Amino acid sequence: MTQAGIRLLAPAKINLFLAVKGLRADGYHDLATVMHQVSLCDVVQIKIDEKPGIRLITTNPELADDEGNLAYRAAALFMKKAGLEQGVDIFIEKHIPLGAGLAGGSADAAAVIKGLNLIMGAPFNDKDLLAIAEMLGSDVPFCLYGGTVLAWGRGELLSPIAAAGEPHFVLVKPPFSLSTADVYSTWDKRGERCYPPVTDMVEALGRGDWRKVGASLYNSLETVAAGQHHEIPEIKARLLSLGAEGALMSGSGPTVFGVFRGYTDAKQAYLELLRDYTECFLVSSYRPEGRE
Ligand code: C5P
């Protein structure tokens, strides 16, 4: 018998700034990154059932429906930490492309722990939930927190940024995926060791100056991935020629996004790129409920 259910949006993120500072003893890399949620969302439905176990269904047949899926592991970890024995049924309507640098898997996992906490009567406070998120992956704490943040450490230490303005973004995912671990290990061999200060980006966001945001975009991993995949600089050049204030690869790639101040220019660029790329999206900023 089904007892309770919830439906949540799981928004994708883009990295407006990503400086890789160095390899740590634990195998992760120290970062300074600005992450920004956008309105490209998966839809996550969760139901509690008396029949024990976790059952996951997604609309993308390429995705694992067991421990190989981060959302599944998120549900298992939450129930274990809470000492709960009921079953969990999860249905994920996938819209965020896989292996894209948009944190789709992390967004789903964050939605699962947020949703379970709501359905189960809040066994955890915000701090406990962030600790669970951190155990699941470097991007999961941000996906749980949401909005726009400056993150450091391996990505789990978060400081919110009040980002003003109403920008538009065109996201283009070339027809291949990249492994985050592979991109970071290539950075170890030949990545850029110098990076600009993050302060220009943070100030521009605070002022809602999206021209300056466009000029301050930076990603240490972009040259690493672009050196192996010519589509990345090609998409970037096209976005800029179509009027973007700036364009950048997101996270460990390969998705490239362009920042636009006006909707008309963004829409025109989107329609142009859609002719050549199936996975092309016109999105805006996503603001979590209750936040400006
Ligand atoms: O934390 P997560 O499981 O998402 O990370 C996937 C992989 O990305 C790690 O195994 C690691 O190779 C790389 N990574 C890293 N430094 C980070 C985040 C991720 O090296 N700050």
Side-chain angles (χ1 to χ4, degrees), residues 10-37 42 44 62-64 66-78 92 94 96-114 129-146 149-159 173 176-195 198 201 218-229 232 248-255:
K13 64 93 183 136
I14 53 175
N15 299 79
L16 299 172
F17 186 97
L18 174 55
V20 182
K21 297 176 158 186
L23 178 62
R24 310 180 344 169
D26 63 4
Y28 284 94
H29 292 77
D30 268 321
L31 310 175
T33 182
V34 174
M35 296 192 262
H36 184 71
Q37 277 184 322
D42 289 344
V44 178
E62 285 173 41
L63 264 182
D66 54 15
E67 287 89 353
N69 189 306
L70 196 57
Y72 183 107
R73 293 206 295 281
L77 184 62
F78 181 98
I92 304 179
K94 281 303 291 181
I96 307 172
L98 315 182
L102 298 172
S106 301
D108 297 346
V112 165
I113 55 178
K114 187 185 277 184
L129 279 186
L130 282 169
I132 293 174
E134 189 184 328
M135 293 172 77
L136 292 162
S138 307
D139 286 342
V140 188
F142 165 69
C143 292
L144 188 67
Y145 191 82
V149 305
L150 168 60
W152 67 98
R154 67 177 171 102
E156 85 286 15
L157 303 171
L158 311 175
S159 162
K173 182 186 169 281
F176 58 88
S177 291
L178 293 178
S179 143
T180 304
D182 289 352
V183 174
Y184 273 102
S185 87
T186 311
W187 182 89
D188 291 336
K189 288 175 214 128
R190 52 170 181 277
E192 288 170 5
R193 261 51 186 176
C194 295
Y195 46 85
V198 70
M201 171 61 73
Y218 175 76
N219 185 348
S220 302
L221 299 174
E222 187 183 75
T223 43
V224 170
Q228 294 170 340
H229 299 279
I232 293 169
L248 189 75
M249 184 181 85
S250 180
S252 57
T255 302

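In listed order, ligands and their atoms are each counted from 1. By convention here, the first residue in the shown sequence is residue 1. In this text, all values refer to a predicted model and were calculated from it rather than measured experimentally.
With ligand atoms numbered from 1 in the order given, ligand 1 contributes 12 (O) to contacts under 4.0 Å with heavy atoms of A181. Atoms of ligand 1 found under 4.0 Å from any heavy atom of L31 (numbered from 1 in listed order, with element): 21 (N). Every atom of ligand 1 with a heavy atom of G137 under 4.0 Å away is listed here by number and element: 1 (O). Proximity to G27 (heavy-atom distance under 4.0 Å) selects the following atoms of ligand 1: 20 (O).
Residues E192 and Y218 meet the side-chain proximity criterion, which asks for heavy atoms closer than 4.5 Å. The closest side-chain heavy-atom distance from M135 to L77 is below 4.5 Å.
In terms of protein heavy-atom proximity, atom 16 (N) of ligand 1 is nearest to H29 N, 2.9 Å. Protein heavy atom in closest approach to atom 18 (C) of ligand 1: S138 OG, 3.4 Å. Scanning the protein heavy atoms around atom 5 (O) of ligand 1, the nearest turns out to be Y28 CE2, 3.9 Å.
When all heavy atoms of A10 and A107 are compared, the closest pair comes out as CB-O, 3.5 Å.
Using a 4.0 Å cut-off between heavy atoms, Y184 contacts ligand 1 through its side chain alone, with no backbone atom that close. Counting heavy atoms closer than 4.0 Å to ligand 1, residue D139 contributes nothing at all.
Ion pairing between a basic and an acidic side chain is recognised when a charged N comes within 4.0 Å of a carboxylate O; D108 and K94 show such pairing.
Checked options H29, R154, E156; the residue passing with S138 is R154 (criterion: side chain to side chain donor-acceptor pair (under 3.5 Å)). S250 pairs in a side chain to side chain contact (heavy atoms under 4.5 Å, CB included) with only one of the listed residues (L102, L18, L221, N219), which is L102.
For the residue pair N15 and H36, no side-chain donor N or O sits within less than 3.5 Å of a side-chain acceptor on the partner.
Residue T180 holds the heavy atom nearest to atom 8 (O) of ligand 1 of all those in D182, T180, L221.
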